[in-house]
Q: 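Structure below; questions to follow.
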Amino acid sequence: MAEHQAALPNELWIRILQSLDDDESIADLWTTGRHVCTAFKDATESIFRDRHLPKTRFEFDLGNLTEGRNGRPLPTLPASFEFVELSEDGYTATFRLEDDGALEELIAPTKERIQTYIESMDIADPKHSIQIRRDVLDGPIPSLSFDKNTCEMSCNWRDLFTAFYGEESLARRLTDKWLDTKMAYLEELKKKMARGEMGAERIISAAILEIGSGEDICRKNARRARIRHQFRELDGSNWNPERDGDSRKEGDALRKLKILKQLASNEEFSDEEYSDEWEDDDGDDETDEEGSTDGEL
């Protein structure tokens, strides 16, 4: 089976796999489809390198500032990094500090705090977020380095995507399993509406509340699993959220991530029009062929 797949042109596999462009399929493509065979791996990495890596960004919360613009206090010192280039060997992605018109005096503390943050990053309480298209998490950034002279950050983009989509896929699987356990509850809501015991508005509100709370729990558990794995890789310790975690910090982080994900969900990307463009191209090809045939007849 794998030999037959590999025999197809890589360009064709890229075209086929690119059609899997919804958020859930993107995660599954990296975590599962990429491992099917060499052709799938090459095609998948080509898609993620060309389409999703440029839509990757980092946000850092570098703490409070005593002074800000015009001497007024600023609540936090933020820093945003956007993708700029890939190394010649294709392994390292470089991201540059976004210039949003910040005052010159903020550049120096930003550089210093970024360097300090990288050197002493708190696994259990990260102060950064990673956004890849419409998904947002606060997981690890493998092989992370920072150049204070150029204000550029570099990391291994494949390992970044593996860690990111590993957690995202786990959160989705946990949510799907949780939803399966709630089918009886949702069916009961439908029966109550049919019997006139509850109106449609109340039914919808109850369903959204129940599903939303379940997804929050599943994302919290996926995040905890990732943190546990990070500690195990770091020093072999068995991190326990109940014993070693901070529920207040965890709650704050999850609420912030939820807000960021909601904001990201509204973003539009111009490259998502590629499917329509292909359909138009195919249509033009068919028209040309039909025209040519008519001419011969």
Side-chain angles (χ1 to χ4, degrees), residues 23-35 48 52 56-63 81 93 114 116-146 153-182 211-262 264:
D23 294 336
E24 186 167 354
S25 294
I26 290 174
D28 289 342
L29 182 58
W30 185 266
T31 58
T32 304
R34 177 167 163 261
H35 302 289
F48 278 75
H52 305 317
T56 301
R57 60 183 292 115
F58 303 132
E59 298 278 353
F60 292 83
D61 178 353
L62 301 176
F81 288 79
I114 281 287
T116 301
Y117 178 80
I118 292 174
E119 294 172 354
S120 57
M121 192 180 299
D122 188 343
I123 292 176
D125 186 32
K127 299 299 182 184
H128 70 267
S129 63
I130 307 163
Q131 178 180 342
I132 304 178
R133 302 190 83 90
R134 297 185 182 89
D135 290 321
V136 183
L137 297 172
D138 61 355
I141 307 176
S143 305
L144 179 61
S145 63
F146 177 63
M153 186 173 288
S154 300
C155 70
N156 184 309
W157 72 273
R158 290 182 178 86
D159 291 346
L160 172 70
F161 280 21
T162 296
F164 186 96
Y165 285 115
E167 180 180 349
E168 181 63 27
S169 293
L170 176 59
R172 293 175 185 272
R173 290 197 304 273
L174 292 175
T175 301
D176 288 342
K177 290 181 180 179
W178 181 87
L179 285 174
D180 288 342
T181 67
K182 292 296 177 180
I211 292 173
S213 63
E215 183 178 2
D216 291 345
I217 293 171
C218 293
R219 288 201 167 273
K220 178 180 70 174
N221 289 337
R223 184 176 183 269
R224 286 181 170 185
R226 178 255 296 171
I227 293 174
R228 188 180 300 110
H229 176 72
Q230 285 182 266
F231 274 109
R232 206 159 38 233
E233 281 198 328
L234 177 66
D235 55 17
S237 61
N238 184 23
W239 180 81
N240 185 307
E242 307 300 335
R243 180 191 64 218
D244 308 314
D246 185 316
S247 59
R248 181 185 60 81
K249 290 181 178 180
E250 180 184 52
D252 290 344
L254 290 168
R255 281 188 290 273
K256 183 176 181 180
L257 287 171
K258 187 173 183 178
I259 292 172
L260 292 175
K261 187 172 177 63
Q262 288 173 342

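Note that the structure is predicted; figures quoted are calculated from it, not measured. Hydrogens, waters and symmetry mates play no part in the numbers below; they use all other heavy atoms, side chains included.
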Q: Please find the pair of heavy atoms, one from Trp178 and one from Cys218, that lie closest to each other, and give the distance.
A: CB-SG, 3.9 Å
Q: Show your reasoning for whether side-chain contact (heavy atoms from CB on, under 4.5 Å) applies to Ser169 and Asp28.
A: CA-CA 7 Å; Ser169 293; Asp28 289 342; 4.1 Å; yes
Q: May I ask you to decide whether Arg219 forms a salt bridge with Asp216, counting only side-chain N to carboxylate O separations under 4.0 Å?
A: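 Looking at Arg219 and Asp216, the cut-off is not met.
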Q: Taking the side chain as everything from C-beta on, heavy atoms only, tell me whether His52 gets closer than 4.5 Å to Phe161.
A: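 Result yes, sub-4.5 Å side-chain heavy-atom pair found.
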Q: How close do Leu160 and Ile141 get, heavy atom to heavy atom, and via which atoms?
A: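 Nearest heavy atoms, Leu160 then Ile141: CD1-CA, 4.1 Å.
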Q: To the nearest 0.5 Å, what is the distance between CG (Asp125) and NZ (Lys249)?
A: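 Going from the CG atom of Asp125 to the NZ atom of Lys249 covers 5.0 Å.
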Q: Considering only NZ, NE, NH1 and NH2 on the basic side and carboxylate oxygens on the acidic side, decide whether Arg248 and Glu250 come within less than 4.0 Å.
A: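 A salt bridge is absent here (no side-chain N lies under 4.0 Å from a carboxylate O).
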Q: How about Glu167 and Arg223: do any of their side-chain heavy atoms sit closer than 4.5 Å?
A: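 Yes - at least one pair of side-chain heavy atoms lies under 4.5 Å apart.
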Q: To the nearest 0.5 Å, tell me how far Arg224 CZ sits from Leu254 CG.
A: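 Taking CZ in Arg224 and CG in Leu254, the distance rounds to 8.5 Å.
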Q: With sequence neighbours excluded, tell me which residues meet ring pair (Phe, Tyr, Trp, His ring centres under 6.0 Å) with Phe164.
A: none
Q: Quick one: do Ile130 and Asp138 satisfy side-chain contact (heavy atoms from CB on, under 4.5 Å)? Show the steps, please.
A: CA-CA 6 Å; Ile130 307 163; Asp138 61 355; over 6 Å; no
Q: Minimum heavy-atom separation for Arg158 to Trp30, with atom names?
A: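 Looks like O-CZ2, 3.6 Å.
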Q: Of the options Leu137, Val136, Asp61, which is the one that meets Ser129 in a side-chain contact (heavy atoms from CB on, under 4.5 Å)?
A: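 Result: among Leu137, Val136, Asp61, Val136 is the only option passing the side-chain contact (heavy atoms from CB on, under 4.5 Å) with Ser129.
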Q: In the structure I gave you, are the side-chain heavy atoms of Met121 and Pro140 within less than 4.5 Å of one another anywhere?
A: no
Q: Look at Asp135 together with Arg172 and state whether they make a salt bridge at an N to O cut-off of under 4.0 Å.
A: yes
Q: Just so I know, are the side chains of Ile26 and Tyr165 near enough to count as touching, which here means a heavy-atom distance under 4.5 Å?
A: yes
Q: Are His229 and Arg232 close enough, and set up right, to give a side-chain contact (heavy atoms from CB on, under 4.5 Å), and what steps lead you there?
A: CA-CA 5 Å; His229 176 72; Arg232 206 159 38 233; 4.2 Å; yes
Q: Hey, could you give me the CZ/OG1 distance between Arg173 and Thr175, rounded to the nearest 0.5 Å?
A: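 Those atoms lie 10.5 Å apart.
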Q: Nearest heavy-atom pair of Thr31 and Gly166: which atoms, and what distance?
A: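 What the structure gives for the nearest pair is CG2-N, 4.0 Å.
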Q: If I take atom CG from residue Leu62 and atom NE2 from residue His128, how far apart are they, to the nearest 0.5 angstrom?
A: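 Answer for the CG-NE2 pair, Leu62 versus His128, is 12.0 Å.
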Q: Which heavy atom in Arg228 sits nearest to a heavy atom in Trp239, and how many Å separate them?
A: NE-O, 3.5 Å
Q: Inspect the contact between Lys127 and Glu59 and indicate whether a charged nitrogen and a carboxylate oxygen are less than 4.0 angstrom apart.
A: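 Salt bridge between Glu59 and Lys127, a charged N being under 4.0 Å from a carboxylate O: no.
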Q: For Phe146, what residues pass the ring pair (Phe, Tyr, Trp, His ring centres under 6.0 Å) criterion, not counting sequence neighbours?
A: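 Residues passing ring pair (Phe, Tyr, Trp, His ring centres under 6.0 Å) with Phe146: none at all.
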Q: Indicate yes or no: at least one non-hydrogen side-chain atom of Met153 is less than 4.5 angstrom from one of Ile118.
A: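 Side chain of Met153 against side chain of Ile118, heavy atoms only: contact under 4.5 Å found.
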Q: Can you tell me how far the CG atom of Leu144 sits from the CG atom of Asp159, to the nearest 0.5 Å?
A: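 It is 12.5 Å, given to the nearest 0.5 Å.
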Q: Can you tell me how the ring of Phe60 sits relative to the ring of Phe81, calling it parallel under 30°, perpendicular over 60° and tilted otherwise?
A: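 Ring orientation, 0 to 90° scale: perpendicular.
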Q: Measure the spacing between CG of Asn238 and CG of Asn240 and express it to the nearest 0.5 Å.
A: 7.0 Å
Q: So, for Lys261 and Arg134, which heavy atoms are closest and what is the spacing to 0.1 Å?
A: NZ-O, 3.6 Å
